[in-house]
Amino acid sequence: MIRALATPTTAAAEPGLAAGPALAPAEVERSKTALATQGPWRVVVLNDPVNSMSYVVLVFRKVFGFSEPVARKHMLEVHEQGRSIVWSGLREQAELYAFALQQWHLTAILESDETH
Amino acid sequence: MKRIEVKLSLSVVAPLLDLMKASSDVLEAQIAAPLALDDIDAEFRDDWKAELLAGQQEELHALMGLFNSDFFVNGVVAFDEDNAEVIVRACSALRLRLRRHDLKVLGDEQLESGAIELESLPEPLQKPYMCYVFLGTIQELIIQHLDGAILRGAAAEEGVEFEPSADDDGEFEDDADGEDGGDGGDDEKR
């Protein structure tokens, strides 16, 4: 089992890691790690000419639990704009979702929110 | 358990199986969809790919397993809540492989439109395109009839039998679809 699937939300369970000016070196390092894994990150699905609209809608409903209209909205964004941001949040959770989408053979990437 | 049986024309489908098998064999060692995992550390990336590949192999074995000796006797393949998800995924993997390898000369818009006349294609492209369409048809059948099972998970049971449509003609359906090749009256046959 990959790391993301084994511990999908550990970063979120440690909200105090980034705070405080007087941290010991080990704590500073831990804070940097926590920031890197906590995000924010985006899960982006890119268009492909192969997977059908109904298939993509099914995958979005299955992976994210979207309602049919929400899944269809994201599918149309992918189809018409070439990409859709389907989720954003903590890095490890984003990895989990990207992995799940790739299991369904969709082209999913992770993007840092700070790059946009 | 909800189940659909599809009677296929052996004369149409059997010639496609060699190509499906060859494509499936290639996908034993390579992931079908392109991956962009550049910002993930190398060790984790390797685990990630290995996990995806193992899942893909399982899907493809399930799909190719449908075309066993029984299939060559009665031409029937069956989908239910246990195999719907893996078969749909396997079809996607094979279609991606066909598109990237055998059908790479076709444009994206041309392929997405679905408006390609088989006879208009050069001969070497005809079988891959038939295969591509066949797998897409299988996907659509499953999504149309078993999407609820996929969304709930493989173990769920619906307890509702599908009512077959009298005027529903599948592209790959055998002419003799009135025959009962199934094992009981509860199963749908298209």
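Letters A, B, ... mirror the listed sequences (proteins, then strands); counts begin at 1.
- Both B:Val105 and B:Ile116 are assigned to one and the same hydrophobic cluster, defined by single-linkage of ILVMFWY side chains at heavy-atom distances under 4.5 Å.
- When all heavy atoms of A:Lys62 and B:Ile150 are compared, the closest pair comes out as NZ-O, 2.5 Å.
- Comparing B:Gly136, B:Ala33, B:Gly107, B:Ser92 by how many heavy-atom pairs each has under 4.5 Å with chain A, the most go to B:Ser92.
- Under a hydrophobic-cluster definition in which Ile, Leu, Val, Met, Phe, Trp and Tyr are linked whenever side-chain heavy atoms come within less than 4.5 Å, directly or via other members, B:Val77 and B:Ile87 are assigned to the same cluster.
- Only the side chain of B:Glu140 comes within less than 4.5 Å of a heavy atom of chain A; its backbone N, CA, C and O stay farther away.
- With rounding to the nearest 0.5 Å, the separation of CZ in B:Arg95 from OG in A:Ser52 is 6.5 Å.
- Counting non-hydrogen atoms of neighbouring residues, nucleotides and ligands closer than 6.0 angstrom, the CD atom of A:Gln81 exceeds 12 such neighbours.
- For chain B, the option among A:Leu106, A:Asp48, A:Asn51, A:Val50 with the highest count of heavy-atom pairs below 4.5 Å is A:Val50.
- Few gaps surround CZ on B:Arg45; more than 12 heavy atoms of other groups in view lie less than 6.0 Å from it.
- There is no path of hydrophobic side-chain contacts, each under 4.5 Å, that joins A:Trp87 to A:Ile85.
- Linking ILVMFWY residues whenever their side-chain heavy atoms come closer than 4.5 Å, directly or via other members, leaves B:Val26 and B:Leu17 in distinct clusters.
- A 4.5 Å side-chain heavy-atom check between A:Gln102 and B:Gln56 finds every atom pair outside the cut-off.
- To the nearest 0.5 angstrom, B:Gln139 atom CD is 7.5 Å from A:Ser54 atom OG.
- Using a 4.5 Å heavy-atom cutoff, the side chains of B:Ile143 and A:Val57 are not in contact.
- One hydrophobic cluster, built from ILVMFWY side chains closer than 4.5 Å, holds both A:Leu76 and A:Val59.
- The environment of CD in B:Glu58 is sparse: at most 12 heavy-atom neighbours from other residues, nucleotides or ligands sit within 6.0 Å.
- Taking OH from A:Tyr55 and CD1 from B:Ile142, the interatomic distance works out to 10.5 Å, rounded to the nearest 0.5 Å.
- Residue-environment remark: CD (B:Gln30) exceeds the threshold of 12 foreign heavy atoms within 6.0 Å.
- For chain A, the nearby parts of B:Leu96 are the backbone and the side chain; heavy atoms of each come within less than 4.5 Å.
- Checking each of A:Ile109, A:Thr107, A:Leu46 against B:Pro34 for a side chain to side chain contact (heavy atoms under 4.5 Å, CB included) leaves exactly one that passes, namely A:Thr107.
- Exactly one residue among B:Arg97, B:Arg89, B:Glu59 makes a side-chain hydrogen bond (donor to acceptor under 3.5 Å, both in side chains) with A:His105. That residue is B:Glu59.
- Side-chain contact between A:Trp104 and B:Glu85 is present, with at least one heavy-atom pair separated by less than 4.5 Å.
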